[in-house]
Q: 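Let me begin by handing over the structure; questions about it come next.
Order of the sequence lines sets the chain letters (A, B, ...), proteins ahead of strands, with each chain counted from 1.
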Protein chains: 2
Amino acid sequence: MSGHPTVQLPVGFRAAGVTAGLKASGTPDLALVVNDGPDRHAAAVFTTNRVEAAPVTWSRQVVADGRVDAVVLNSGGANACTGAQGFLDTHRTAEHVAEVLGVSAADVVVCSTGLIGELLPMDRVLTGVDAAATALSAEGHEAAAVAIKTTDTVHKVSTYGGAGWSVSGMAKGAGMLAPALATMLVVVTTDAVVEQTDLDAALRAATSVSFDRIDSDACMSTNDTVVVLASGASGVSVERDELTESLIAVCSDLARQLIADAEGAAHDVAIEVVGAASTDDALEVARSVARNNLFKCAIFGNDPNWGRVLAAVGTTKAAFDPTTLDVTMNGVQVCRAGGVGEDRSLVDLAPREVHVLVDLHAGHEAATIWTNDLTHDYVHENSAYST
Amino acid sequence: MSGHPTVQLPVGFRAAGVTAGLKASGTPDLALVVNDGPDRHAAAVFTTNRVEAAPVTWSRQVVADGRVDAVVLNSGGANACTGAQGFLDTHRTAEHVAEVLGVSAADVVVCSTGLIGELLPMDRVLTGVDAAATALSAEGHEAAAVAIKTTDTVHKVSTYGGAGWSVSGMAKGAGMLAPALATMLVVVTTDAVVEQTDLDAALRAATSVSFDRIDSDACMSTNDTVVVLASGASGVSVERDELTESLIAVCSDLARQLIADAEGAAHDVAIEVVGAASTDDALEVARSVARNNLFKCAIFGNDPNWGRVLAAVGTTKAAFDPTTLDVTMNGVQVCRAGGVGEDRSLVDLAPREVHVLVDLHAGHEAATIWTNDLTHDYVHENSAYST
């Protein structure tokens, strides 16, 4: 969906991305997205990590009434584990955005991403907000997407076009990328005319089958936020089903982009579990494989070591009989009925995209989790992040 | 405890380690341990992985009546996910050992370790059994410990000396090293005169606080076996408490040796959780940190990135208030009351041994999990294991 030049961006929004000086690299690090209405409906989902960053605590309250006028986002610092001062800093950021835009601070969502355990340089944040407000434009979407990058190598956007309306999303996330949610900041905008309750339901349905089904490194963040804003500026009313479909399209595309850009990854791996007694069983099995470091190392080495898949499946509580498990890797059924199948040397793991199919033979449900391999570059990138 | 030359090995046992030709490296790969009595009491614990290897299925049955005459172990192949043929091969191995030693196959434990999903070359295994039986001696303990190595760089033994009796253990394990159990084969022998029920209880008590508290890479094996044999040959009766204490000493020493020799590891990391409402809470928190890849990469990079510790703690269900968490790394309290504590640059992570102390401030229970860092060498070793 991304890159379709004919799709119109949602109207009723302005955005900007600027360099506030929060990142040592000197690249853009502060973004602002403003909903100019006429509607200001919003919904959001947040990390389930009990150690949550100050901006998450703040933004939960902001979104509770279903109205959001603006979202301010910074990279270069997570403002997590920063105590009472961290919360005051988030509050002050929201107040400043509100003053500059002439809205209420209680309608300003704040998102932060970067190193945990450091206070933000607030003078730079506030000056950055001023600069972003000045730079706001209807074409600022891409600049905002660039400014929220951390270790991302590319910015991520996706747009879905309806009949006279559209949905567009921007996302960042490359590490601490696991449900729920995957570690990310995501802002989705739509100019459809929708009920707030429909927006909320559609967002939850969409994230549960997109961001919640990627698991790059099993590490859950303190800052995950996915927020959707609806301006109603298209004048086109959209029902819940179509809205849900559009959000699933945009969120799935962004989720796939996150996996494709995960830190140090050399393979994007789809773990598809079929024949499960329930969707929960399928997800538990798929996640256990996606989180198995030995399996992930083998994929990096282009080694079809299917025994590690079975060893991971065996740690779950899902319904299955070990003597009927089948495993197929990139089209080759290397494990049949829990034992040796086709010759593992027939499997070609050279392509970036890998497909592992596990058949539990215990029912008719299925689910897929996307993950990455475990590589030298992952270790390298993450062994010296804060130093 | 290991390396005390004055401690006498348990009497009533013979052992051997030989080269059967199962490993491409041509190093020893088949071991035999025989209990010559007068007692043949035994107890064992096995992997909880539902995909269990054929020798595990076999040996569970053997140990069920509390009597074991011999243990045969091979490296160079796990005989896991090998279907009906794999089980027949294990049975045939036990039958052959029984014939050669003049005992019943129903009293012969079989252990295998190596690649999953390959049948063993049975001609070599049986010839190896003959060679091992010929080589059996009261001094064969070390040779047996050498023959069960896979990616281990050193063999592991530990001995505890009682008054006129002793306990001795051998262990292998370097990868797939996580509870429960850590992925390993362990044979413990004692010449104490004990009740079989005491032996069983003592073994379970000992493994729960030793092998079950190491978690090198979160990957559970299909082959884990810890078996203890009691000969009674010392003539010294030992009560359950003292027996338990001796098994805890030997198993803890072996567990620490396993962590010290884990694949590719550059640091041995003790995650100590205190102030927990329950031991289960302390273990859940310690394991969540021990299994966090981002934390493990940071330790490899000598980077005291304590935010990753808190992010891991936050994923648990343990009782705690995020605003009262303290984290101390190698003596420096980098996180105080959930926020920034002492300067992280004060932490010295250069030593091999790292101590991470998490205080939940929610009770009086505590537990420690030992783990390793995540390194380039771990990725390297495990990216080309089966190829």
Q: Please look at B:I299 and chain A and tell me whether the side chain, the backbone, both or neither of the residue comes under 4.5 angstrom of a heavy atom of that chain.
A: neither
Q: I'd like to know which of A:C335, A:G117, A:P322 tops the heavy-atom pair count under 4.5 Å against chain B.
A: A:G117
Q: Would you call the rings of A:H376 and A:F300 parallel, tilted or perpendicular, taking 30° and 60° as the class edges?
A: perpendicular
Q: Which bit of A:L119 is near chain B, if near means a heavy-atom gap under 4.5 Å: side chain, backbone, both or neither?
A: neither
Q: Checking side-chain polar atoms at under 3.5 Å, does B:N74 have a donor or acceptor matched by the opposite partner on B:S112?
A: yes
Q: Contact part of B:A337 toward chain A, heavy-atom cut-off under 4.5 Å: side chain, backbone, both or neither?
A: neither
Q: Please state whether the side chain, the backbone, both or neither of B:F320 comes within less than 4.5 Å of a heavy atom of chain A.
A: both
Q: Out of A:A78, A:A318, A:A312, A:G341, which one racks up the most heavy-atom pairs below 4.5 Å with chain B?
A: A:A318
Q: A:K317 versus chain B, heavy atoms under 4.5 Å apart: side chain, backbone, both or neither?
A: backbone
Q: Short question: side chain of A:K172, backbone of A:D152 - any donor-acceptor pair under 3.5 Å?
A: no
Q: Looking at A:V340, A:V379, A:V51, which one has more heavy-atom pairs under 4.5 Å with chain B than the rest?
A: A:V379
Q: Do B:D348 and B:M329 have side chains that approach each other closer than 4.5 Å (heavy atoms only, starting at C-beta)?
A: no
Q: Given a strict heavy-atom distance threshold of 4.5 Å, which part of B:T315 is in contact with chain A: side chain, backbone, both, or neither?
A: both
Q: Say whether, by atom type as modelled, one donor and one acceptor occur between the side chain of B:N372 and the main chain of B:H267 under 3.5 angstrom.
A: yes
Q: Taking every non-hydrogen pair under 4.5 Å, which of B:D373, B:L374, B:V334, B:T82 racks up the most with chain A?
A: B:L374
Q: Is the shortest heavy-atom distance from the side chain of B:F211 to the side chain of B:D224 under 4.5 Å?
A: no
Q: Heavy atoms, side chains only, cut-off 4.5 Å: are B:F46 and B:R60 in contact?
A: yes
Q: Between A:A53, A:C81, A:A80, which residue shows the highest count of heavy-atom pairs closer than 4.5 Å to chain B?
A: A:C81
Q: Only pairs of heavy atoms separated by less than 4.5 Å count here; which of A:G83, A:G338, A:S345 has the most with chain B?
A: A:G338
Q: Might you point out which heavy atoms bring A:T150 and A:S75 nearest each other, and give the distance in Å?
A: CG2-CB, 4.1 Å
Q: What residues form a side-chain contact (heavy atoms from CB on, under 4.5 Å) with B:D377, not counting sequence neighbours?
A: B:T375
Q: B:V313, B:L310, B:L325, B:T323: which one forms the most heavy-atom pairs within less than 4.5 Å of chain A?
A: B:L310
